[in-house]
Amino acid sequence: MASGRFKKILVANRGEIAVRVISACKELGIQTVAVYSEADRYSSHVRFADQAICIGPAKSARSYLDQASIISAAEITNVDAIHPGYGFLSENAGFAEVCETSGIKFIGPPPEVIRLMGVKERARAFMREMGVPVLPGSAGVLSSAGEALEMADSIGYPVILKASAGGGGRGMRVVRAPGEISALFAQARQEAGAAFSSPDLYLEKYVGAPRHIEFQALADEHGNVEILGERECSIQRRHQKLLEESPSPAVTDAQRSEIGAALRRALSASGYANAGTVEFLMDETGKLYFIEVNARVQVEHPVTEFVTGIDIVKSQIRIAQGEPLREILRGPVETRGHAIECRINAENPDTFAPSPGRVTGFHVPGGIGIRVDTWAYADCVVSPYYDSLLAKLIAYGGDRGEAIRRMQRALSMFIVEGIHTSIPLHQRILADPDFQAGRFDTNFILRFQQAKAEAAGK
Ligand code: MV4
């Protein structure tokens, strides 16, 4: 079906995001079908959906990534649409195509736009042509180490080699001097070829201590695009975000409106539809540069929901039904106050090692300005097969200070027994004077761990 109201949606995901999508469907009066692996029989997404179908064994490759099993489940249950959540099949252009050829609406961008955004140097070239600032770098794929050397010499060192089919930080190499480039080019090419569909590389000026800032977009299927402000995502470790907030303490009003205007033009021209995130790096001088597009709903979308009052997941579904943004948003996008999200992971807060097992005690905080998105419950089991995200704790305040204090209050009232969680780490981050002053970049957690190791060594 090209558009029209959905009666039933299949949620092709698990965990907190599956519960989040089911919540949106319930509010829209849409029936839901959960799919689950043998390890997830007792998961809450299975319980909250109207119907549930087992799609295979614990291993994702044979369940949540098994396109044929998911399409079969969708056909058996006669759903109108599939919501892929994040991860798994959410940015798989081939899966989006299979959905459409099976007569099932894929709740996400059109396959050709997913494909464009997945080829990172093409997305970069496109944004650059549309007047979105990008870092100095290669115009397209590098044909040889020689071309990379020539390029790097003209831009100046350090530079970074990135996989065209990569993203999320895998397969990158920082080149600090001309002598290093041929070996690093060969390594990066080899790694990209093994890890992704293609060995293609491109090159950019390297920013050593960037902030990671992303803009949230909503686009309808009629060419209209709105930007729902930005999120600050610099508090991360090894490309796993730990804490996100909106707005960013570092983005100025002028930047917000300039970047916002350029992104509206660019996304509209690309044929983008549904929700999307545009990632930027901010350099030491405060300038923003496009790096990549995430063509899906993101883990950290709730901070944007708090400051805009817009339900991003319900918007995704209504966009996929063909509704215009004007009807969905009913007025201009305005932001107010400040929101922070802490990812509560089932992991050791010092070593970051996964901590699967049974949750023997569980109590979530509530009260004014607090939201908890979780799949967990007392006596649930955290499986070693999937990511360690147990819950997202989101705090809203009239300003950043109030959001921080509210988050600290809520963390002190969040009880998880039986496994380790990242709660103590979040308490240390929130108490840090640099964090409280908004003075940090993507190296914050590294410095934090180093300081802790030094203190322990003495
Ligand atoms: C960069 C960079 C510095 N300079 N690109 C890592 C994830 C991927 N999406 C892009 N990444 C980076 N690209 C240039 N030109 C540094 C990173 C980077 C990073 C970016 C965002 C958040 C955390 C990061 C951690 C290490 C490196």
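For ligands, and for the atoms within them, numbers begin at 1 and follow the listed sequence.
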Notebook entry, point to check: Is there a heavy atom in Met172 that sits closer than 4.0 Å to ligand 1?
Noted result: yes

Next item on the list: Number the atoms of ligand 1 from 1 as they appear, then name those within less than 4.0 Å of a heavy atom of Glu292, with their elements.
Entry: 8 (C), 9 (N)

Check: So is Lys241 in contact with ligand 1, going by heavy-atom distances below 4.0 Å?
Finding: no

Check: Charged N to carboxylate O below 4.0 Å: is that the case for Glu214 and Lys241?
Finding: yes

Item checked: From the candidates Thr442, Val134, Leu281, Leu161, the one that places a heavy atom nearest atom 14 (C) of ligand 1 -> Leu281

Checklist line | Ile160 N/O to ligand 1 N/O under 3.5 Å | finding: no

Notebook entry, point to check: Of Gln236, His212, Arg237, which has the heavy atom at the shortest distance from atom 23 (C) of ligand 1?
Noted result: Gln236

Note to self: Strictly below 4.0 Å, N to O, side chains only: are Glu245 and Arg231 in salt-bridge contact?
What the structure shows: no

Next item on the list: Compare all side-chain heavy atoms of Tyr206 with those of Ile155 and state whether any distance is below 4.5 angstrom.
Entry: no

Checklist line | Atoms in ligand 1 flagged as close to Glu279, the criterion being non-hydrogen separation under 4.0 Å | finding: 9 (N)

Note to self: I want to know if ligand 1 touches Lys162 in the polar sense, i.e. an N/O pair below 3.5 angstrom.
What the structure shows: yes

Note to self: Just verifying a value: how many Å separate Thr442 OG1 and His212 NE2, rounded to the nearest 0.5 Å?
What the structure shows: 9.0 Å

Check: With only distance considered, is Tyr206 within less than 3.5 Å of ligand 1 through an N or O on each side?
Finding: no

Checklist line | Listed once per pair and sorted, the ring-ring contact (aromatic ring centres under 6.0 Å, His included) pairs that draw on residues 275-308, sequence neighbours left out | finding: Phe215-Phe280, Phe306-Tyr396

Next item on the list: With heavy atoms under 4.0 Å as the rule, classify the contact between Lys205 and ligand 1 as side chain, backbone, both or neither.
Entry: backbone

Note to self: Regarding Arg447 and Asp441, does a basic nitrogen lie under 4.0 Å from an acidic carboxylate oxygen?
What the structure shows: yes

Next item on the list: Evaluate the side-chain proximity of Glu100 to Phe106: yes if any heavy-atom separation is below 4.5 Å, no if none is.
Entry: yes

Next item on the list: For Leu135, counting its heavy atoms only, list the atoms of ligand 1 lying under 4.0 Å from any of them.
Entry: 15 (N)

Note to self: A cation-pi test, strictly: NZ or CZ of Arg238 under 6.0 Å from the centre of the six-membered ring of Phe352 and no more than 45 degrees from its axis. Yes or no?
What the structure shows: no

